Student: 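Please read through the structure below; I'll follow up with questions.
In this text the structure is predicted, and so the values were computed from the model without any measurement. Here, residue 1 is the first one in the sequence, and each next residue gets the next number. Computed over heavy atoms, backbone and side chain alike; hydrogens, waters and symmetry mates excluded.
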Amino acid sequence: MSQVEVNGVELFYEVGGDGDPLVLVHGSWGDHSNWVPVLHALALRHRVLVYDRRGHSQSERPPGPGSRFEDEEDLAALMETLGFAPAYVAGNSFGASTVLGLAARRPELFRALIAHEPPLMGIVADDAEQRPLMAAAEERIESVLGHLRAGETVAGARQFVDEVAFGPGSWEQLPDELRETLVSNAPTFADEQADPGWADLDLDRLSGYTGPALLTKGTDSPPWFAAITARLSRALPQAQTHTYDGAGHVPHVTHPDEYANRVTTFIETSRRPS
């Protein structure tokens, strides 16, 4: 367990395993421990870096609003500082948005990218079929933020889990430790949402990334994630796509064996000459 300063912020990180470098980027509310279910399997083949994004758990929480751009810059600096560039980089949810945003600007840092369900609602804002679903999701997110602004962090975290990301009743099924992590990191979710560009991505610039890519979704996730994945696949025509049957927004937690196998198989395939 270590700390390193990048971009003026102290970030917590851990490194384990041996092999080609693999970086894992967690989503909103969580931290590096979300990857624990798949760490052993991935570290058997890779030198794996996990970390707490700024504002989360053991990393420094700077005052004032931040931006996804800062998360992207943190990821780049962390990879370069720790000798993980270029690397295979996998992100989940907001972490996937961070990975894609960085790949659009700094493709040389990537051997390949893996992105599961980035909440880039802005890139499908013109999709008439998805608009009512996204409007409902945005209304629920605003309700979550209302709880957080009122200091009702437990209520906000519960609503996010049950009504935005996972589904009814999911909060009660989570381990106590994970619920505590979600509540502790709730203020950073509000900070992320204050960034006017959190849901958008320059798809023209992303199309300049020509390396291997894997875009994934789950059958049990809100349907607008599938629309986002489809839009990204058009911007990255070389990307492979995969759907985790019976899984939702965090397959590395709920289906760790399948997730680890899919990631390692993709990496092995991406190494081979076409």
Student: Any side-chain heavy-atom pair from Tyr13 and Val23 closer than 4.5 angstrom?
Tutor: no
Student: Kindly indicate whether the side chain of Leu24, heavy atoms from C-beta on, has any atom under 4.5 Å from the side chain of His252.
Tutor: no
Student: Can a salt bridge be assigned to the pair Asp127 and Arg231 using a cut-off of 4.0 Å between side-chain N and carboxylate O?
Tutor: no
Student: Please determine whether salt bridge (charged side-chain N to carboxylate O under 4.0 Å, His left out) holds for the pair Glu177 and Arg179, giving the CA-CA distance in whole Å, both sets of side-chain angles, and the decisive distance to 0.1 Å.
Tutor: CA-CA 5 Å; Glu177 184 177 0; Arg179 286 201 293 260; over 6 Å; no
Student: In this structure, would Val154 and Ile141 fall into the same cluster of hydrophobic residues linked by side-chain contacts under 4.5 Å?
Tutor: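 Val154 clusters together with Ile141.
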Student: Any pair with a residue in residues 23-40 that passes side-chain hydrogen bond (donor to acceptor under 3.5 Å, both in side chains), sequence neighbours left out, goes on the list, sorted by first then second residue, please.
Tutor: Ser28-Glu192, Asp31-Ser33, Asp31-Ser57, His32-Asp52
Student: Given side chain to side chain contact (heavy atoms under 4.5 Å, CB included), test Val15 with Arg47 step by step and report yes or no.
Tutor: CA-CA 7 Å; Val15 174; Arg47 184 170 176 249; 3.8 Å; yes
Student: Measure the spacing between CG of Leu100 and CG of Leu236 and express it to the nearest 0.5 Å.
Tutor: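 It is 7.0 Å, given to the nearest 0.5 Å.
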Student: Rounded to the nearest 0.5 Å, what separates atom CD1 in Ile123 from atom CG in Asp200?
Tutor: 9.0 Å
Student: Looking at Gly55 and Thr188, what are the two nearest heavy atoms and their distance?
Tutor: O-OG1, 2.6 Å
Student: Restricting to side chain to side chain contact (heavy atoms under 4.5 Å, CB included), what partner residues turn up for Thr229, sequence neighbours left out?
Tutor: Leu215, Lys217
Student: Can you list the residues that meet the salt bridge (charged side-chain N to carboxylate O under 4.0 Å, His left out) rule with Asp245, with sequence neighbours excluded?
Tutor: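 Residues passing salt bridge (charged side-chain N to carboxylate O under 4.0 Å, His left out) with Asp245: none at all.
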Student: If only atom types and distance count, is the side chain of Ser270 paired as donor or acceptor with the main-chain N or O of Pro212 below 3.5 Å?
Tutor: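 No, the answer is negative, given that no donor and acceptor are paired below the 3.5 Å cut-off.
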Student: Can you see which heavy atom on Trp198 is nearest to which on Pro119, and at what distance?
Tutor: CZ3-O, 3.4 Å
Student: Indicate yes or no: does Arg105 engage Glu73 in a salt bridge with an N to O separation below 4.0 Å.
Tutor: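 Yes, Arg105 and Glu73 are salt-bridged.
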Student: Would Glu172 and Arg158 count as a salt bridge (charged side-chain N to carboxylate O under 4.0 Å, His left out) if you check the C-alpha gap in whole Å, the side-chain angles of each, and the deciding distance to 0.1 Å?
Tutor: CA-CA 9 Å; Glu172 293 300 332; Arg158 178 192 289 269; 3.0 Å; yes
Student: What's the shortest heavy-atom distance between Glu70 and Asn7, and which atoms?
Tutor: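 It is O-ND2, 4.4 Å.
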Student: So which heavy atom on Phe160 is nearest to which on Val144, and how close?
Tutor: N-CG2, 3.7 Å
Student: With side-chain hydrogen bond (donor to acceptor under 3.5 Å, both in side chains) as the rule and sequence neighbours excluded, what pairs involving residues 128-139 come up?
Tutor: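 Residue pairs with at least one partner in residues 128-139: there are none.
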Student: So does Gln3 get a backbone contact from the side chain of Glu10, meaning a donor-acceptor N/O pair under 3.5 Å?
Tutor: no
Student: Evaluate the criterion side chain to side chain contact (heavy atoms under 4.5 Å, CB included) for residue pair Leu174 and Val161; output intermediate values, then yes/no.
Tutor: CA-CA 10 Å; Leu174 297 178; Val161 169; 4.1 Å; yes
Student: To the nearest 0.5 Å, what is the distance between CG on Leu78 and CG on Leu11?
Tutor: 6.0 Å
Student: For a salt bridge (charged side-chain N to carboxylate O under 4.0 Å, His left out) check, start with the C-alpha distance between Asp191 and Arg61, then their side-chain angles and the critical distance, and finish with the verdict.
Tutor: CA-CA 10 Å; Asp191 186 50; Arg61 183 171 293 167; over 6 Å; no
Student: A side-chain contact here means heavy atoms from C-beta on lying under 4.5 Å apart; do Trp171 and Glu163 qualify?
Tutor: no
Student: Just wondering, are more than 12 heavy atoms of other shown residues or ligands nearer than 6.0 Å to CZ in Arg262?
Tutor: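 No, the 6.0 Å shell around CZ holds no more than 12 heavy atoms from other groups.
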Student: Please round to the nearest 0.5 Å and tell me the distance separating atom CG of Leu145 and atom CZ of Arg140.
Tutor: 13.5 Å
Student: For Ala104 versus Arg205, what's the shortest heavy-atom pair and its separation?
Tutor: O-CG, 3.3 Å
Student: How many angstroms lie between CZ in Phe225 and OG1 in Thr219, if you round to the nearest 0.5 Å?
Tutor: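 One finds 13.5 Å between CZ of Phe225 and OG1 of Thr219.
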Student: Within the 4.5 Å heavy-atom criterion, are Leu182 and Phe189 side-chain neighbours or not?
Tutor: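 Of all side-chain heavy-atom pairs linking Phe189 with Leu182, none is under 4.5 Å.
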Student: For Glu180, is there any backbone N or O sitting under 3.5 Å from a side-chain donor or acceptor partner on Ser184?
Tutor: no
Student: Are Arg54 and Asp71 close enough that some pair of their side-chain heavy atoms sits under 4.5 Å apart?
Tutor: yes
Student: Side-chain contact, heavy-atom cut-off 4.5 Å: Arg111 with Pro21?
Tutor: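 With C-beta onward as the side chain, the pair touches.
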Student: Under the salt bridge (charged side-chain N to carboxylate O under 4.0 Å, His left out) rule, what do Arg68 and Asp195 come out as? Steps first, then yes or no, please.
Tutor: CA-CA 7 Å; Arg68 196 184 73 222; Asp195 175 11; over 6 Å; no
Student: Quick check against the 3.5 Å criterion: does Asp162 have a side-chain atom that pairs as donor or acceptor with the backbone of Ser170?
Tutor: yes
Student: With sequence neighbours left out, write down each residue that passes side-chain hydrogen bond (donor to acceptor under 3.5 Å, both in side chains) with Arg234, or none if nothing qualifies.
Tutor: none
Student: State, to 0.1 Å, how close Thr241 and Ser233 come at their nearest heavy-atom pair, and which atoms those are.
Tutor: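 Closest pair (atom of Thr241, atom of Ser233, distance): CG2-CB, 4.1 Å.
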Student: How long is the gap from CZ on Arg45 to CD1 on Ile267, to the nearest 0.5 Å?
Tutor: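 Reported to 0.5 Å precision, the distance equals 9.5 Å.
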Student: Which donor-acceptor pairs under 3.5 Å do the side chains of residues 85-97 make with protein atoms, sequence neighbours left out?
Tutor:
{"residue": "Asn92", "atom": "ND2", "partner": "His249", "partner atom": "O", "Å": "2.8"}
{"residue": "Ser93", "atom": "OG", "partner": "His249", "partner atom": "NE2", "Å": "2.8"}

Student: Spell out, yes or no, whether Phe69 and Phe110 are grouped together once hydrophobic residues are joined by side-chain heavy atoms under 4.5 Å, including indirect joins.
Tutor: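 They do not share one cluster, since no chain of ILVMFWY contacts under 4.5 Å joins Phe69 to Phe110.
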Student: With side chain to side chain contact (heavy atoms under 4.5 Å, CB included) as the test, would you mind laying out the steps for Thr254 and Tyr244 before giving the verdict?
Tutor: CA-CA 10 Å; Thr254 61; Tyr244 291 102; over 6 Å; no
Student: Let's go through Tyr209 and Gln238 carefully: what are the C-alpha distance in whole Å and the side-chain angles of both, what is the deciding distance for side chain to side chain contact (heavy atoms under 4.5 Å, CB included) to 0.1 Å, and is it a yes or a no?
Tutor: CA-CA 10 Å; Tyr209 172 82; Gln238 81 279 16; 3.8 Å; yes
Student: Would you mind reporting whether Leu75 and Tyr51 have side-chain heavy atoms less than 4.5 Å apart?
Tutor: yes
Student: Can you confirm whether Arg53 sits close enough to Asp74 that some side-chain heavy atom of one is under 4.5 Å from a side-chain heavy atom of the other?
Tutor: no
Student: Within the side chain of Thr98, is there an N or O that forms a donor-acceptor pair under 3.5 Å with the backbone of Glu72?
Tutor: no
Student: Any side-chain donor paired with an acceptor under 3.5 Å for His242 and Thr216?
Tutor: no
